[in-house]
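Structure first, then comments.
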Amino acid sequence: MTHFGFENDIQSILNLDIPILNVSMARSQRSASSSSKSALNALSPGKPANASLAASKTPCKTPGKNKKPTPSKMVGDRFIPIRNSRQMDVASFLLSKENEPMDTNNTTVTSENQKAWSTSLNGYNIEEAKILHLGGKPLNAPEGYQNNLKVLYSQVTTPASVKKTRYISSNPYRILDAPELRNDFYLNLFDWSSRNVLAVALQNSVYLWDASQGDITLLTRLECEEDYICSLCWTKEGSYLAIGTSDGKVQLWDVDNEKHIRSMISHTARVGSLSWNDHVLSSGSRSGLIHHHDVRVSEHHISTLAGHTQEVCGLQWSPDGRYLASGGNDNLVCIWPRVQDGSVSNRSQTVRCLNDHQGAVKALAWCPWQPNILASGGGTSDRHIRVWNVNSGSCISSFDTQSQISSLLFAPNHKELVSAHGYAHNNVVIWKYPSFTKVAELNGHEDRVLSLTLSPDCSTLATVAGDETIRLWKCFEVDPVEKKAKERMVKSTRSVIHQSIR
């Protein structure tokens, strides 16, 4: 019985004469049924004939709210360009072909033939069918195009010295005692030679400190206890040392043999400043006069420069030897020309006479990488660092340090300017040149700093102060890469020199 019941059910389902229920009506049936319903409603009692018309005129919703809602899925969330299906097939073929090993034996078919066949068969070059072409060189930019992101995406590698953050210790790595050091602003009492020997004057004695070995040697002591050392200056080679004394003499010493070569007498007052230019030694006196000495001849005094009315406390030859800069207690900075070989004269003609300072000018420094640039510093009543172009005589920049300036020097390793100060800061400041932004401030001396000097490799700064101490600071260490390059260059030049001598 169950079997027959199941067959009857199947027959009833398959019978098409029976109307199908729960199926949506056709469009014609829906329109016919709606028209019949409207006719019946119009003839029904209790309802006006124009009820549908009135209902259509009366708004049932607030105007503006009967708009059709915007479909939420009209478009996709990504833009997919329409591509030719044939190109998609070719691109898929090319992607699968890249993983296959190349056939090196088939050399008859060239790239030109493949391009011609692809153009004739497909209507385009097969290489252009790639969806993403990541290889090859990029297209050249149009003429006159400027990329604003060039700085951000530059492929130029940054040097290692720029990447590393430079650290300057605020403490000296070594302190040397300097007993009986004269606390005199106008004197120049120590200098560092190219052979790494530091000379310092203590009252009437000159001591040598070998920075490489740490040995200390007494070079000389003045016979008269009332006399004292006023200035020291090494030759460029570091073999000879010039010493200015309070009795107006200039002594010349052979340091290697610890031998006194000669004494040059020409001044009538103490010699507080010295500077070498090859074989010519220039000396500045308290009388305001500058003397040029040719140390090769017996008649050493070859020229006298009279431009200052008070003591000459600063004296520096330019790196190229063209100009001599002098600073005095009369607030003047004078620029003098080079002495001609074999000439003997008493000239007072200056190249430039700069009178912008309002205090004594002892601090003078020539720029090593710009020989025509001179920096000068004023005393307590001035406190300004001024940078000059000696060719034009113009003041390039001026900066108020708020403290007495006793010494200046340029640090070539990082192109910076170092200033030593007395009252009221008694410190050393490293400035970025030429912006004069403060790089570091070295504090530690308990009295005014009298003078500065650099080591032969320009990496170590030495300061001497009225607290009778000499402090050494590691401020300008060279990048190891640049240091090796310089050492190789020095070795190559030495080898060439030795070969030429042999």
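Fair warning: this is a prediction, and the values are worked out from it, not measured in the lab.
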- [ ] Evaluate the side chain to side chain contact (heavy atoms under 4.5 Å, CB included) criterion for residues Trp336 and His292: first the C-alpha distance (whole Å), next the side-chain angles of each, then the deciding distance (0.1 Å), finally the verdict.
- [x] CA-CA 12 Å; Trp336 309 89; His292 290 319; 5.7 Å; no
TODO: Walk me through it: do Leu181 and Leu189 pass the test side chain to side chain contact (heavy atoms under 4.5 Å, CB included)?
DONE: CA-CA 8 Å; Leu181 180 77; Leu189 299 177; 3.7 Å; yes
Open item on the list: What verdict does the side chain to side chain contact (heavy atoms under 4.5 Å, CB included) test give for Val387 and Tyr433, after you've listed the backbone C-alpha separation in whole Å, the side-chain angles of each residue and the deciding distance to 0.1 Å?
Closed with: CA-CA 10 Å; Val387 181; Tyr433 178 81; 3.7 Å; yes
TODO: Start with the C-alpha gap between Val418 and Leu442, add the side-chain angles, then the distance that decides, and say whether side chain to side chain contact (heavy atoms under 4.5 Å, CB included) holds.
DONE: CA-CA 10 Å; Val418 188; Leu442 307 179; over 6 Å; no
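Residues Val295 and Ile261 are not in side-chain contact: their nearest non-hydrogen atoms beyond the backbone lie 4.5 Å or more apart. Side-chain atoms of Val464 and Thr453, non-hydrogen and from C-beta on, never get closer than 4.5 Å to each other. Between Leu274 and Asp191, every side-chain heavy-atom pair lies at or beyond the 4.5 Å cut-off. Contact annotation: the side chain of Asp467 never approaches that of Asn426 to less than 4.5 Å [non-hydrogen atoms, C-beta and beyond]. Side-chain contact check for Val449 versus Arg471: every heavy-atom pair is 4.5 Å or farther apart. Contact annotation: the side chain of Leu187 never approaches that of Leu450 to less than 4.5 Å [non-hydrogen atoms, C-beta and beyond]. You'll find the side chain of Phe185 reaches within 4.5 Å of the side chain of Lys362, heavy atoms only. For the pair Ile290 and Thr304, the minimum side-chain heavy-atom distance is 4.5 Å or more.
The minimum heavy-atom distance linking Ile385 with Ser419 is given by the pair CD1-CB, 4.0 Å. Closest approach of Cys313 to Asn188, counting heavy atoms only: O-ND2, 3.3 Å. Smallest separation of non-hydrogen atoms from Ser212 and Asn196: OG-ND2, 2.8 Å. Closest approach of Leu281 and Ala242 over heavy atoms only: CD2-CB, 3.8 Å. Closest of all the heavy-atom pairs between Gly393 and Trp388 is O-CE3, 4.3 Å. Minimum heavy-atom separation, Cys334 to Thr350: CB-CG2, 4.2 Å.
When only modelled atom types and interatomic distance are considered, His301 and Ser266 share no side-chain donor-acceptor pair under 3.5 Å. A donor-acceptor pair shorter than 3.5 Å can be found between the side chains of Arg386 and Ser398. In the model, His267 has no side-chain atom that pairs as donor or acceptor with a side-chain atom of Ser287 under 3.5 Å. A donor-acceptor contact under 3.5 angstrom links the side chains of Arg195 and Ser239, judged on distance only. Side-chain contact annotation: Gln402 with Asp400, donor-acceptor N/O pair under 3.5 Å present. The closest side-chain donor-acceptor pair between Ser376 and His357 falls under 3.5 angstrom. If you check the side chains of Ser282 and Trp317, you find a donor sitting under 3.5 Å from an acceptor. Side-chain contact annotation: Asn183 with Asp447, donor-acceptor N/O pair under 3.5 Å present. If you check the side chains of Asp227 and Thr245, you find no donor sitting under 3.5 Å from an acceptor.
A distance-only check finds no donor-acceptor pair linking the side chain of Asp210 to the backbone of Asp215 [under 3.5 Å]. One N or O on the side chain of Thr401 and one on the backbone of Arg383 form a donor-acceptor pair closer than 3.5 Å. Looking at Ser194, its side chain does come within 3.5 Å of a backbone N or O of Glu237 through a donor-acceptor pair. Proximity of a side-chain donor or acceptor of Thr469 to a complementary backbone N or O of Leu176 within less than 3.5 Å is not detected. A distance-only check finds a donor-acceptor pair linking the side chain of Ser246 to the backbone of Tyr228 [under 3.5 Å]. For the pair Arg352 (side chain) and Val390 (backbone), a donor-acceptor distance under 3.5 Å is present. Between the Ser193 side chain and the Gly238 main chain, no donor and acceptor come within less than 3.5 Å of each other. Distance alone, capped at 3.5 Å, places no donor-acceptor pair between the Asp177 side chain and the Pro179 backbone. Under the 3.5 Å distance criterion, the side-chain polar atoms of Asn257 are left unmatched by any main-chain donor or acceptor of Lys259. Under a 3.5 Å cut-off, the side chain of Ser231 and the backbone N or O of Val271 do form a donor-acceptor pair.
Screening residues 435-481 for ring pair (Phe, Tyr, Trp, His ring centres under 6.0 Å), with sequence neighbours left out, gives Phe399-Phe436. Applying the salt bridge (charged side-chain N to carboxylate O under 4.0 Å, His left out) test to pairs two or more places apart or on separate chains, those with a residue in residues 266-290 are Asp184-Arg270, Arg270-Glu311, Asp278-Arg338, Arg286-Glu311.
The line from CD1 of Ile335 to CG of Leu364 is 8.0 Å long, rounded to the nearest 0.5 Å. A distance of 10.5 Å separates CG in Asp356 from CG in Leu332, rounded to the nearest 0.5 Å. One distance of note links CG of Asn427 with OG of Ser170; it measures 12.5 Å at 0.5 Å rounding. A distance of 12.5 Å separates OG1 in Thr217 from CH2 in Trp209, rounded to the nearest 0.5 Å. Here the NE2-CG distance, from His308 to Leu289, works out to 10.0 Å after rounding to the nearest 0.5 Å. Once rounded to the nearest 0.5 Å, the distance linking OG of Ser303 with CG of Asp294 reads 11.5 Å.
Enclosure of atom CD in Glu441 by more than 12 non-hydrogen atoms of other residues, nucleotides or ligands within 6.0 angstrom is indicated. Around CZ of Arg262, the count of heavy atoms belonging to other residues, nucleotides or ligands within 6.0 Å exceeds 12. At most 12 heavy atoms of other shown residues, nucleotides or ligands fall within 6.0 angstrom of atom NZ in Lys236. Counting heavy-atom neighbours within 6.0 Å of Phe410 CZ, excluding the residue itself, gives a total above 12.
The pair Glu223-Lys249 does not count as a salt bridge, with every side-chain nitrogen at least 4.0 angstrom from each carboxylate oxygen.
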